[in-house]
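When reading the values below, keep in mind they use all heavy atoms of this one structure, side chains included, and skip hydrogens, waters and symmetry mates. Counting begins at 1 with the first residue of the sequence.
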Amino acid sequence: MSVTSLLLQLIVILVTARLCGWILRHVGQPGVVGEMAAGLMLGPVVMGALFPSLHAQLFSKESLQGLSSLSTLGLVLFMFVVGLELRASKGVREQLRSAGYVGVLSVVVPMALGIAIAPALHPTLAPAGVGFWPFALFIAAALSITAFPVMARILKDRGMTRTPFGQLSLGAAAVVDVFAWILLAVVVALVGAGEGYQGLLKTTLGMAVVLAALFLGLKPAFAWLLRVKAPEGEPSTTVMAALMIGLLATSLVTEWLHLHAVFGAFLFGACLPRDDRLLKSLTERIEPISIVVLMPLFFALAGLGTTANAFSGASLGAMLLIVGVATVGKIAGGAAGARMAGYGWRDSLATGSLMNARGLMELIVMKIGLDAGLIGPELFTMLLVMALATTAMTGPLINLFIGRKQAVAADAAHAKP
């Protein structure tokens with residue numbers, strides 16, 4: 001493809017993403033919902049239906065390789081920052097048991113419901129050659145994801161970060177991440193290796209070596225490098241180069257092990273020293289290019305991978321089933337966990353609503369499933385609509401269950417010494 005075509009695609013995608021984000025922020029939605037909606041609008045479902053000639057020319061299949069490479073780089077950088085931010089805060093440690101109740105139940109319930117509906121979805125929506133259990137386990141993993149970054153953004157924007165149910169939800173989301181990403185890694189390894197259980201064994205052993213190298217070798221090495229070369233938490237260009245090389249090398253290894261590059265990026269970020277100054281410096285350098293420029297490309301490619309067939313006939317019924325099961329499973333599981341931890345019904349339902357936010361993390365899971373051949377365009381479209389719907393309903397549900405004014409007042413009271 002020509003540079004001109006790539007630049008034109010970038011302009012169209014970024015303008016559409018910013019415009020949709022701006023519009024939806026003015027109706028109380030987080031910007032990521034607008035960017036997800038922009039991806040759907042740029043795909044065959046909207047732009048392809050309204051302007052087929054223009055769409056075919058602007059986003060021809062042979063011109064998408066550049067966008068795909070840039071979006072993968074954006075995913076790697078984003079998951080690196082997510083790994084950097086993975087830490088147990090004081091509030092999380094204090095209520096680890098409560099967060100465990102919410103986290104486990106908000107994974108187990110949607111997983112069980114996902115496996116329950118898999119027999120109805122597998123015959124028509126599974127790609128040829130994909131067995132029932134890999135397909136069912138992927139559906140279970142996809143329905144059990146919670147978008148920690150989106151949840152944190154919603155809580156921050158609404159002044160609820162330090163409320164009891166806000167702290168509980170943040171802690172529970174960390175538990176969800178552990179369960180869901182481990183399950184996803186196992187499913188992708190089982191299918192992606194192409195060698196059945198022997199392939200899974202080789203991938204598992206390979207990951208054990210990677211983890212040992214990261215946490216026993218690279219972690220102390222980078223701790224020394226940062227202590228010597230960045231004592232104030234401000235990395236030099238040499239340190240930044242070393243970090244980027246380590247990030248890309250780890251991503252390359254996990255890709256070679258038939259896992260997705262995002263797993264390596266996440267693990268590399270998680271293995272670095274827990275230093276708030278370093279985190280602030282790296283996020284200030286990486287997030288603008290990753291979130292503002294590269295991630296909208298990922299949303300656009302997700303939209304381009306959709307199909308209008310998902311919105312008609314029996315497929316529409318399957319989509320509504322997936323959205324309904326995903327919503328009920330997360331809210332019921334999260335609320336039940338919060339009730340077991342001793343929270344009132346309002347806080348419990350608000351917690352369940354927050355756990356229902358899937359956002360960007362769901363799209364990453366979908367992309368991994370599509371790349372691994374676990375799902376096709378039709379189910380990909382259904383999961384994209386589910387991710388968009390469950391994220392968009394989070395704010396209104398919180399207002400319904402707890403009320404904005406009451407939450408802000410509770411936050412102010414909680415903040416007092």
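Taking every heavy atom of both residues into account, Gly334 and Thr351 meet most closely at O-CG2, 4.4 Å. Shortest non-hydrogen contact noted between Pro123 and Pro119 is CD-O, 3.1 Å. When all heavy atoms are compared, the tightest approach of Gly376 to Pro127 is N-CG, 3.7 Å. The minimum heavy-atom distance linking Thr391 with Gln29 is given by the pair O-OE1, 4.0 Å. Annotation for Val130 and His122: closest pair O-NE2, 2.9 Å, computed over non-hydrogen atoms.
At distances below 3.5 Å, not a single donor-acceptor pair connects side-chain atoms of Gln9 with backbone N or O atoms of Leu67. Between the side chain of Arg358 and the main chain of Leu383, no donor-acceptor pair closer than 3.5 Å is present. The backbone N or O of Ala387 lies less than 3.5 Å from no partner atom in the side chain of Glu362, so there is not a single donor-acceptor pair. Judged by distance alone, with hydrogens and angles left aside, the side-chain atoms of Ser281 form no donor-acceptor pair with the main-chain N or O of Arg277 at under 3.5 Å. Side chain of Ser68 to backbone of Leu64: no donor-acceptor contact under 3.5 angstrom is found. Of the possible donor and acceptor atoms, none in the side chain of His26 sits under 3.5 Å from a partner among the backbone N and O of Gly21. Side-chain N or O atoms of Lys330 include none that pairs as donor or acceptor with a backbone N or O of Gly352 at under 3.5 Å. Checking side-chain atoms of Thr146 against main-chain N and O of Met355 turns up a donor-acceptor pair under 3.5 Å. With hydrogens and angles disregarded, no donor-acceptor distance shorter than 3.5 Å links the side chain of Glu35 to the backbone of Pro296.
Between the CG atom in Leu272 and the CG atom in Leu282 there is a gap of 7.5 Å [rounded to 0.5 Å]. Separation of atoms CG (Leu297) and CG (Leu14) is listed at 6.0 Å; rounding is to 0.5 Å. Residue Leu267 holds its CG atom at 11.0 Å from CG of Leu247, rounded to the nearest 0.5 Å. Taking OG of Ser71 as the reference point, atom CG of Leu75 lies at 6.0 Å (rounded to 0.5 Å). Taken from CD1 in Ile322 to OG1 in Thr390, the straight-line distance is 12.0 Å, to the nearest 0.5 Å. Within the model, atoms CD1 of Ile375 and NZ of Lys367 stand 11.0 Å from one another, a figure rounded to the nearest 0.5 Å.
By the 4.5 Å heavy-atom criterion applied to side chains, Met382 and Leu125 are counted as neighbours. Looking only at side-chain heavy atoms (C-beta outward), Trp133 and Ile115 come within less than 4.5 Å of each other. The closest side-chain heavy-atom distance from Met393 to Asn356 is below 4.5 Å. Residues Ser290 and Met295 meet the side-chain proximity criterion, which asks for heavy atoms closer than 4.5 Å. Residues Thr254 and Met207 are in side-chain contact: their nearest non-hydrogen atoms beyond the backbone lie under 4.5 Å apart. Taking 4.5 Å as the limit, every side-chain heavy atom of Leu384 sits out of range of all side-chain heavy atoms of Thr381. By the 4.5 Å heavy-atom criterion applied to side chains, Ile402 and Leu349 are not counted as neighbours. Put simply, the side chain of Leu214 reaches to within 4.5 Å of the side chain of Val210, judged on heavy atoms.
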(request) Decide yes or no on side-chain contact (heavy atoms from CB on, under 4.5 Å) for Phe401 and Ser353, but give the supporting numbers first. (result) CA-CA 9 Å; Phe401 293 136; Ser353 301; 3.2 Å; yes
(message) Let's go through Ser60 and Ser63 carefully: what are the C-alpha distance in whole Å and the side-chain angles of both, what is the deciding distance for side-chain hydrogen bond (donor to acceptor under 3.5 Å, both in side chains) to 0.1 Å, and is it a yes or a no?
(response) CA-CA 5 Å; Ser60 60; Ser63 72; 3.2 Å; yes
(request) Apply side-chain contact (heavy atoms from CB on, under 4.5 Å) to Ile368 and Phe138, showing your working. (result) CA-CA 10 Å; Ile368 293 172; Phe138 177 80; 5.6 Å; no
(request) Dump the intermediate steps for side-chain contact (heavy atoms from CB on, under 4.5 Å) on Leu121 and Ile117, then the final yes or no. (result) CA-CA 7 Å; Leu121 303 177; Ile117 66 172; 3.9 Å; yes
(message) Apply salt bridge (charged side-chain N to carboxylate O under 4.0 Å, His left out) to residues Arg285 and Glu234 and explain how you reach the verdict.
(response) CA-CA 11 Å; Arg285 297 185 185 203; Glu234 188 67 28; 2.7 Å; yes
(request) Let me see the working for Ile364 and Met79 under side-chain contact (heavy atoms from CB on, under 4.5 Å), right down to the final yes or no. (result) CA-CA 10 Å; Ile364 294 174; Met79 290 304 294; 3.7 Å; yes
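When the options Leu42, Val32, Thr16 are evaluated for a side chain to side chain contact (heavy atoms under 4.5 Å, CB included) with Phe299, the one that passes is Val32.
In this structure, Tyr101 has its ring center at least 6.0 angstrom away from the ring center of Tyr343. Proximity of the aromatic rings of Phe266 and Phe80 is defined here by a centroid distance below 6.0 angstrom, and this criterion is not met. In this structure, Phe59 has its ring center under 6.0 Å from that of His55.
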Enumerate donor-acceptor pairs with a distance under 3.5 Å from any side-chain N or O in residues 303-318 to protein atoms, sequence neighbours excluded.
residue	atom	partner	partner atom	Å
Thr306	OG1	Gly303	O	2.5
Thr307	OG1	Asn309	N	3.2
Thr307	OG1	Asn309	ND2	3.4
Ser312	OG	Asn309	O	3.4
Ser315	OG	Glu378	OE2	2.1

Atom pairs and distances, side-chain donor-acceptor, residues 102-113, under 3.5 Å, sequence neighbours left out:
residue	atom	partner	partner atom	Å
Ser106	OG	Val102	O	2.8
Ser106	OG	Gly103	O	3.2

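Environment of CE in Met240: crowded, with over 12 heavy atoms of neighbouring residues, nucleotides or ligands closer than 6.0 Å. Other residues, nucleotides and ligands contribute over 12 non-hydrogen atoms within 6.0 Å of the CD atom of Glu287. By the neighbour-count criterion of 12 heavy atoms within 6.0 Å, atom CZ of Phe51 is sparsely surrounded, having that number or fewer from other residues, nucleotides or ligands.
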